[in-house]
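So you know, we letter chains A, B, ... as the sequences are listed, proteins then strands, and number each from 1.
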Protein chains: 2
Amino acid sequence: MTRDSLIRALEAAESHCAGRGEKLTPVRRRVLELVLEADAPVKAYDLLEALKPGPGAAKPPTVYRALDFLMAAGLVHKVEALNAFVGCSHAHDDGGAELFICSDCGSVEERHGAPDPVNMPDGFVIERSVVEHFGHCANCRH
Amino acid sequence: MTRDSLIRALEAAESHCAGRGEKLTPVRRRVLELVLEADAPVKAYDLLEALKPGPGAAKPPTVYRALDFLMAAGLVHKVEALNAFVGCSHAHDDGGAELFICSDCGSVEERHGAPDPVNMPDGFVIERSVVEHFGHCANCRH
DNA sequence: TGCGAGTGGTGATATTATAACATCCGTGAT
DNA sequence: ATCACGGATGTTATAATATCACCACTCGCA
């Protein structure tokens, strides 16, 4: 992600939060920035490390609280199978995203609006879906 | 799961392993039994507890090794979003399953053969998919 | 001014998972 | 028979991930 698009994403996030009556505080903004900067899913404790240099070294709850907020706002998604987090420049309030994660380079592509499964159990009502595809992206495929 | 179908599932598992040139040892068999008996996803440390009563109290690696084996054999699936495990009476060597998990009663239904995503990034090749739907089953819906 | 909600700091601890090395046991070669 | 080997398990310790409980601060507002 380029410097410019990072800045644009942060501004978009700011107004996205404002629209929801919530505040993108400095900690939250910094965490979002770190997640967006990364070119692969980021671990919570790596964020923790990255926040250390500052005068107030962050503790785990700080990071997890920021991540919870960002996930609720749709600005960050958790990759459940990796216990890691990916940023999302175009926030959506709808449920979950469909993620395509390259096992070689770590890049993540996000898609939305997958149709309901064809083969659903009778009467089941979906509230939240986790869909994560692991494989090789066009660049890494040989 | 009834007593009878449990026994049948264990026998099926036994021959499934034999067909692969692998052994369903007592520890592995016991872990599979515990997972199948449960009517909801089971945590690794609950299995650990359940194995304690025996003379040799199991340690974490024992349980995780058994689970790794059973997953490789397709007899157990991990619910990534819950860090928990579900049994699967009809083993399949193919990749992953699509899981429907009821948030009320914990019941899990398994489906297979979902079509490839319609909206896949150009050139992406899927190796393994994690698909977990959370919601309410027919019995718990109101 | 004082209250209350929201936010973040801090220390402790719970939960999930693996590393590293020792031991045991069955199988096949010598 | 016995030795060497590989697979499975036992054992100790620790790594990695996540939450709890409580306190302090700040800001908007009655």
Is the shortest side-chain N/O distance from A:N83 to OP1 or OP2 of C:dT16 below 4.0 Å? no
Value in whole Å for how far the P atom of C:dA17 lies from CG of B:L47: 11 Å
Integer-rounded Å distance: D:dT9 C1' and B:L24 CG: 15 Å
Which parts of residues 27-45 of chain A get close to DNA chain D, meaning a heavy atom less than 4.0 angstrom away? A:K43, A:Y45
Rounded to whole Å, CZ of A:F85 lies from P of D:dA16 at a distance of 16 Å
D:dT19 C1' sits how many Å from A:M71 CE, rounded? 13 Å
Taking A:I126 as the starting point, is it possible to reach B:V79 by hopping between hydrophobic residues whose side chains are less than 4.5 Å apart? no
In whole Å, I'd like the distance from the CD atom of A:E22 to the P atom of C:dT7. 7 Å
Listing time: all N or O pairs from protein to nucleotides 21-27 of chain D that are below 3.5 Å?
none

Within the structure, does a side-chain N or O atom of B:K78 lie under 4.0 Å from either OP1 or OP2 of C:dA17? yes
Donor-acceptor contacts, no H, no angles, side chain residues 21-34 of chain A, under 3.5 Å, sequence neighbours left out:
residue: A:E22; atom: OE1; partner: A:R20; partner atom: NE; Å: 3.1
residue: A:E22; atom: OE1; partner: A:R20; partner atom: NH2; Å: 3.4
residue: A:R28; atom: NH1; partner: A:K23; partner atom: O; Å: 2.7
residue: A:R29; atom: NH1; partner: A:E14; partner atom: OE1; Å: 2.4

Could you pull out all residues at least two apart from A:Y64 that satisfy ring-ring contact (aromatic ring centres under 6.0 Å, His included)? none
Side-chain contact, heavy-atom cut-off 4.5 Å: B:V131 with B:L99? no
Nearest whole angstrom, please: distance from the C1' of C:dA14 to the CG of B:L48. 15 Å
If each of B:K59 and B:T25 is mapped to the nucleotide of DNA chain D with the nearest heavy atom, which maps nearer the 5' terminus, i.e. the 5' end? B:T25
Within this structure, what is the CD-to-C1' distance between A:E80 and C:dT16, rounded to whole angstrom? 14 Å
Only counting residues at least two apart or in another chain, list the ones meeting side-chain hydrogen bond (donor to acceptor under 3.5 Å, both in side chains) with A:E11. none
Report yes or no: does B:K43 contribute a side-chain atom to a donor-acceptor pair with the main-chain N or O of B:L82 at less than 3.5 Å? yes
Candidates D:dT11, C:dT18, D:dA18 - which lies nearest the side chain of A:Y64: D:dA18
Going by ring-ring contact (aromatic ring centres under 6.0 Å, His included), name the residues that satisfy it together with B:F100, two or more places apart in sequence or in a different chain. A:F124, B:H133
From CG of B:L82 over to P of C:dT16, roughly how many Å is that when rounded to an integer? 10 Å
Tell me which of A:F69 and A:P60 sits closer to the 5' end of DNA chain C, going by the nucleotide each one is nearest to. A:F69
Presence of B:T62 side-chain N/O under 4.0 Å of D:dG10 phosphate oxygens OP1/OP2: yes
Quick one: which of A:E80, A:E98, A:K78, A:H77 gives a side chain to side chain contact (heavy atoms under 4.5 Å, CB included) with A:E132? A:E80
Give the intermediate values and the outcome of side-chain contact (heavy atoms from CB on, under 4.5 Å) for residues A:D39 and A:C105. CA-CA 9 Å; A:D39 48 0; A:C105 68; over 6 Å; no
